[in-house]
There are 2 protein chains.
Amino acid sequence: MPTSAHTRPQTDSRRGQLLELGLQLFGSRPYDDVSIDDIAREAGISKGLLYHYFGGKRDFYVAVVAEASARLRAATEPDPALDPRSRIVAGLGAYLDFVDARAAAFTALMRGGLGTDPEIAGVIDSTRQVFVDRFVEGLGLTAPRPVFRTAVRAWIGAVEAASLDWITHRDLPRDTLLMLLLSSLGAHLVVASRLDPAAGVVLTDVEPLLGQLGL
Amino acid sequence: MPTSAHTRPQTDSRRGQLLELGLQLFGSRPYDDVSIDDIAREAGISKGLLYHYFGGKRDFYVAVVAEASARLRAATEPDPALDPRSRIVAGLGAYLDFVDARAAAFTALMRGGLGTDPEIAGVIDSTRQVFVDRFVEGLGLTAPRPVFRTAVRAWIGAVEAASLDWITHRDLPRDTLLMLLLSSLGAHLVVASRLDPAAGVVLTDVEPLLGQLGL
DNA sequence: CGGACCATTGAACTCGATTCAATGACGGAG
DNA sequence: CTCCGTCATTGAATCGAGTTCAATGGTCCG
């Protein structure tokens with residue numbers, strides 16, 4: 001096979017090196033302010049080589065955003081051994097820690113340059129979808145009722161906005177923010193339950209959570 | 001809008017015409033896919049004229065986003081004659097109606113192309129700030145405590161995410177979404193109150209609202 | 001030892017953004 | 001009515017970033 005063992009590591013490492021660099025560059029400067037020459041110079045390679053690994057600048061950017069997404073997802077991988085509430089607390093905590101530690105990568109992902117680009121929007125939306133699915137599944141909500149989908153989606157929006165606000169101002173204890181968002185999730189779910197009586201069955205799963213949250 | 005090629009009186013602001021066109025174009029295609037030639041051709045003017053009214057393509061884009069922001073703000077202007085709750089309901093309703101009617105302009109604003117561009121981010125953030133201020137002021141929350149600022153900011157994020165979800169799927173009655181978001185606001189405020197006991201004074205303003213929401 | 005493959009290069013090319021000197025229409029002043 | 005200044009408008013020239021590609025050289029495998 002042409003895909004022998006010796007070339008892959010080399011390829012992967014260079015690709016990884018470029019992605020890491022892209023995370024830095026796009027995390028600190030606008031897309032248009034990062035030229036191919038900049039990337040090549042900082043990576044110590046020629047312009048042309050970038051095209052060996054990526055289809056072009058836009059393609060490279062998409063890969064960088066996808067990389068940021070993958071890291072965020074990996075960092076917040078839920079632990080199946082935990083009960084639902086602990087799993088959410090752990091996942092949300094890991095999310096905040098990631099935001100705190102890798103603010104550049106996070107903003108690069110969320111503020112994603114080239115906003116109306118469907119490919120970028122796809123990466124970001126699928127990332128959000130992963131979180132929606134995790135929480136919906138973790139809570140035992142099987143039927144994807146519109147009200148619940150929108151409620152969870154709204155909550156994800158709240159998490160993202162609060163996270164950006166948090167790392168911007170840095171005037172809130174991490175755990176305070178965590179409690180705020182946890183309560184917000186509970187509230188969204190109970191409100192959704194009341195607005196969609198036909199899905200009343202799930203309330204039995206939601207109520208205990210709310211009790212623990214003090215709502 | 002006028003369809004005829006040359007029924008345009010001189011009194012018609014060319015600048016306004018271009019902004020209107022930009023709203024359409026950037027609302028339906030990625031930034032990179034809209035060339036100066038495209039804009040000029042569709043506007044029936046020469047490339048060079050665009051530079052007479054705007055500093056350049058990026059500058060033009062910023063102006064378009066600012067225009068979208070201005071329209072959204074104007075459409076949701078609060079009515080001082082109303083009591084706090086009615087004002088919020090009216091404002092939120094107007095917001096949803098705007099999103100519904102001018103989906104292109106809204107997504108152009110919120111998904112703002114060139115995400116990491118500080119100037120664009122500034123326009124979007126200041127738009128959000130206007131909403132934060134309106135709601136905070138409307139509720140009588142004078143002191144901008146971090147917890148409340150973050151809570152309101154999180155709620156704005158929830159509104160935006162829910163709005164995008166709403167116009168994407170269109171499987172939720174407007175008033176259901178409105179109730180969801182209204183309850184979400186109430187929940188965020190009461191949670192913030194509990195997390196920041198020093199700001200307990202504001203609870204007297206929040207509690208009545210919650211009662212009306214059935215929380 | 002030879003050949004193939006593949007990472008890598010640098011120069012050439014393309015195409016869109018930007019600049020600018022020239023044009024002409026309009027409106028006011030004499 | 002005519003001259004003049006202003007200003008919207010143009011089209012061609014320029015510029016630069018993104019992209020392409022044929023050539024190179026090292027490395028591994030048979």
Side-chain angles (χ1 to χ4, degrees), chain A residues 1-22 24-26 28-65 112-120, chain B residues 2 4-22 25-26 28-65 112-117 119-120:
Chain A
M1 291 295 277
T3 53
S4 51
H6 73 278
T7 55
R8 289 302 290 195
Q10 215 169 22
T11 296
D12 282 352
S13 75
R14 173 120 288 172
R15 219 187 122 89
Q17 172 210 350
L18 290 172
L19 287 177
E20 178 66 42
L21 176 63
Q24 267 178 248
L25 293 179
F26 289 125
S28 57
R29 295 214 296 276
Y31 178 82
D32 280 344
D33 284 7
V34 179
S35 71
I36 296 279
D37 293 87
D38 288 341
I39 300 167
R41 189 170 350 96
E42 301 229 15
I45 63 172
S46 72
K47 282 203 296 184
L49 188 55
L50 195 67
Y51 289 85
H52 185 69
Y53 290 97
F54 303 95
K57 186 185 179 184
R58 222 191 63 124
D59 209 60
F60 177 57
Y61 186 80
V62 172
V64 167
V65 172
L114 298 175
T116 49
D117 186 307
E119 214 172 341
I120 308 271
Chain B
S4 173
H6 32 55
T7 55
R8 188 157 298 285
Q10 288 130 353
T11 52
D12 236 19
S13 158
R14 177 126 279 174
R15 212 186 131 88
Q17 173 209 350
L18 290 172
L19 286 177
E20 178 65 38
L21 176 62
L25 293 179
F26 289 124
S28 56
R29 296 215 296 278
Y31 178 83
D32 279 343
D33 284 8
V34 178
S35 70
I36 295 279
D37 294 87
D38 287 342
I39 300 167
R41 187 170 352 94
E42 302 230 14
I45 63 172
S46 72
K47 283 202 295 186
L49 189 55
L50 195 68
Y51 289 86
H52 184 69
Y53 290 97
F54 303 95
K57 187 183 178 183
R58 161 169 310 214
D59 209 60
F60 178 56
Y61 185 81
V62 172
V64 168
V65 172
L114 300 175
T116 50
D117 186 307
E119 215 172 342
I120 309 272

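In what follows, chains carry the letters A, B, and so on, assigned in the order in which the sequence lines appear, proteins first and then strands, with residues in each chain numbered from 1.
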Subject >> Distance, rounded to the nearest Å, where B:Asp38 contributes CG and C:dC15 contributes P >> reply: 15 Å
**OP:** For C:dT8, take OP1 and OP2 only and decide whether either is under 4.0 Å from a side-chain N or O of A:Arg14.
**Re:** yes
Original post:
Would you call B:Glu119 and B:Arg58 a salt bridge, taking side-chain N to carboxylate O under 4.0 Å as the test?
Top reply: no
Original post:
Among all residues two or more places apart in sequence or in another chain, which pass the side-chain contact (heavy atoms from CB on, under 4.5 Å) test with B:Val34?
Top reply: B:Leu25, B:Phe26, B:Arg29, B:Ile39
Subject >> For A:Glu20, salt bridge (Lys or Arg N to Asp or Glu O under 4.0 Å) partners two or more places apart >> reply: A:Arg71, A:Arg102
Subject >> A:Phe54: ring-ring contact (aromatic ring centres under 6.0 Å, His included) partners, not counting sequence neighbours >> reply: A:Phe60
Subject >> Length of the NE2-P vector between B:His52 and D:dC7, whole Å >> reply: 8 Å
Original post:
How many Å lie between NZ on B:Lys57 and P on C:dC15, as a whole number?
Top reply: 16 Å
Original post:
D:dT9 C1' sits how many Å from B:Leu18 CG, rounded?
Top reply: 12 Å
**OP:** For A:Ile36 and C:dT9, give me the distance from atom CD1 to atom P, rounded to whole Å.
**Re:** 14 Å
Subject >> A:Tyr53 OH - D:dT19 C1' separation (whole Å) >> reply: 18 Å
**OP:** Enumerate the residue pairs fulfilling side chain to side chain donor-acceptor pair (under 3.5 Å) with a member in residues 39-49 of chain B, sequence neighbours excluded, ordered by first and then second residue.
**Re:** B:Asp38-B:Arg41
Subject >> Strand-adjacent residues in residues 41-51 of chain B, judged by heavy atoms under 4.0 Å from DNA chain C >> reply: B:Lys47, B:Tyr51
**OP:** Output yes when at least one side-chain N/O atom of A:Arg58 is less than 4.0 Å from OP1 or OP2 of D:dT19, else no.
**Re:** no
Subject >> Nucleotide D:dT19, atom C1' - distance to CD1 of A:Ile39 in whole Å >> reply: 13 Å
Original post:
Taking only residues two or more places apart in sequence or in another chain, which ones pass side-chain contact (heavy atoms from CB on, under 4.5 Å) with B:Tyr53?
Top reply: B:Arg14, B:Arg15, B:Leu18, B:Leu49
**OP:** Starting at atom CZ of A:Phe54, determine the distance to atom C1' of D:dT19, rounded to an integer number of angstrom.
**Re:** 16 Å
